[in-house]
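Below, read A as the first sequence line, B as the second, and so on, with proteins coming before strands; counting in each chain starts at 1. Bear in mind the structure is a predicted one, so any value in this text is a computation, not a measurement.
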Protein chains: 2
Amino acid sequence: MKPTDSELEILHVLWTSGPSTVRQVHEALSQSRDLGYTTALKLMQIMHEKGLLTREESNRSHTYAAAVTEEETQRGLVDRFVETAFRGSASKLVMQVLGQHKASRQELDEIKKLLNQINSSDESN
Amino acid sequence: MKPTDSELEILHVLWTSGPSTVRQVHEALSQSRDLGYTTALKLMQIMHEKGLLTREESNRSHTYAAAVTEEETQRGLVDRFVETAFRGSASKLVMQVLGQHKASRQELDEIKKLLNQINSSDESN
DNA sequence: GGTTTGCTACGAAATTATTCGTAGATGTCC
DNA sequence: GGACATCTACGAATAATTTCGTAGCAAACC
């Protein structure tokens, strides 16, 4: 699946807040932007149809939850993005990001550590 | 500007091949997927209107060229992508990409070099 | 010079995403 | 029980993207 931007917003709410009602999601989204309640509802209904959300209907106000993990979703998005924006060159993307965005010392260290792991586990290249 | 996927395909042809006619672009795109000549034409006309392409009309078959560089376009795309898919965390994106895609020894070394530069030029974090 | 070929411009259909209004059902509160 | 609030479902308007057909013009070709 390739969630749209709006769908990603909703997924983020559910990933961080856990299973929620439409009202809760709508309230969270309203913090950052303007959208109607039924808009959120419709989006979540569609996402449910698509299999992006699960739905618990025992209460009158249904409870929705993400049916996909943040990890796997990001994996898909990254694949697609590397392909369309960087013609498959992941390292170019990494270079671009590192050059362009501030990262904390700690984050940089983590990245280095990961790089070292990759290096040592794959001496063939 | 935020080029669409189709627009990116055309930009890539122009970035790699240099200024080209619609026919040349159409031929290049036809290698990888199926699309009509007038579709390519229309897309390029729209991109010209948007200012993504320049157009040289001295010949009957106009010559188009990218009006934006690959570098700056990718910068914009990355910004947007970090925001929507990783809620602003560039380092998370980097980690995800590194974990997920193969890179050559040489690429990894380049990335490390860049990391060291960042580290040493910013001792404050 | 008439036919064929190749090009642009234009309109419009098809698709997808986003948005919201309204209707109908159900629950809540005096 | 009646008024009000809250929820779902649904239809539909709007917008953006992608697609292609057709028309009109200019060039090239016997």
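- With sequence neighbours excluded, the residues that form a side chain to side chain donor-acceptor pair (under 3.5 Å) with B:Thr69 are B:Glu72.
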Please write out the pairs of protein N or O atoms and N or O atoms of nucleotides 11-14 of chain C separated by less than 3.5 Å, giving the distance to one decimal.
residue : atom : partner : partner atom : Å
C:dG11  : N7   : B:Lys42 : NZ           : 3.4
C:dG11  : O6   : B:Lys42 : NZ           : 3.4

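- For A:Gln45, a side-chain nitrogen or oxygen approaches OP1 or OP2 of D:dA9 to under 4.0 Å.
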Contacts under 3.5 Å, N or O only, protein and nucleotides 21-23 of chain D:
residue : atom : partner : partner atom : Å
D:dG21  : N7   : B:Thr38 : OG1          : 3.4

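- Partners of A:Glu49 according to the salt bridge (Lys or Arg N to Asp or Glu O under 4.0 Å) rule, which considers only residues two or more places apart in sequence or in another chain, do not exist here.
- For A:Ser32, the side chain to side chain donor-acceptor pair (under 3.5 Å) test picks out no residue, with sequence neighbours left out.
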Side-chain donor-acceptor contacts of residues 6-13 of chain B below 3.5 Å, not counting sequence neighbours, with atom names and distances?
residue : atom : partner : partner atom : Å
B:Glu7  : OE1  : B:Thr4  : N            : 2.9
B:Glu7  : OE2  : B:Lys50 : NZ           : 2.7
B:Glu9  : OE1  : B:Arg33 : NE           : 2.9
B:Glu9  : OE1  : B:Arg33 : NH2          : 3.1
B:Glu9  : OE2  : B:Arg33 : NE           : 3.3

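- Straight-line distance from the CD atom of B:Glu57 to the P atom of C:dA9: 7 Å, rounded to whole Å.
- Among residues two or more places apart in sequence or in another chain, the side chain to side chain donor-acceptor pair (under 3.5 Å) test is passed with B:Glu57 by B:Arg55.
- When heavy atoms are screened at a 4.0 angstrom cut-off, A:Glu7 is found touching no nucleic acid atom at all.
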Would you list the protein and nucleotides 28-30 of chain D atom pairs, both N or O, that sit under 3.5 Å from each other?
none

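- Distance CG (A:Leu43) to C1' (C:dT16): 13 Å, rounded to an integer number of Å.
- Remark: B:Glu27 pairs with no residue by the side chain to side chain donor-acceptor pair (under 3.5 Å) rule, at least two apart or across chains.
- Taking for each of A:His62 and B:Ser6 the nucleotide of DNA chain D with the nearest heavy atom, the 5'-most of the two is the partner of A:His62.
- Evaluation of the ring pair (Phe, Tyr, Trp, His ring centres under 6.0 Å) rule for B:His62 yields no partner, not counting sequence neighbours.
- The nearest whole Å value for the distance from the CG atom in B:Asn59 to the C1' atom in D:dA26 is 13 Å.
- A salt bridge (Lys or Arg N to Asp or Glu O under 4.0 Å) check over residues 76-92 of chain A, counting only residues at least two apart or in different chains, returns the pairs A:Arg80-B:Asp5.
- Using a 4.0 Å cutoff on non-hydrogen atoms, the parts of residues 12-37 of chain B near DNA chain D are B:Arg33, B:Leu35, B:Gly36, ordered by number.
- The distance from atom CZ of B:Arg60 to atom C1' of D:dA27 is 5 Å, rounded to the nearest whole Å.
- In this structure, A:Met44 places its CE atom 17 Å from C1' of C:dA17, rounding to the nearest Å.
- Between B:Ile46 atom CD1 and D:dC20 atom C1' there is a gap of 12 Å when expressed in whole angstrom units.
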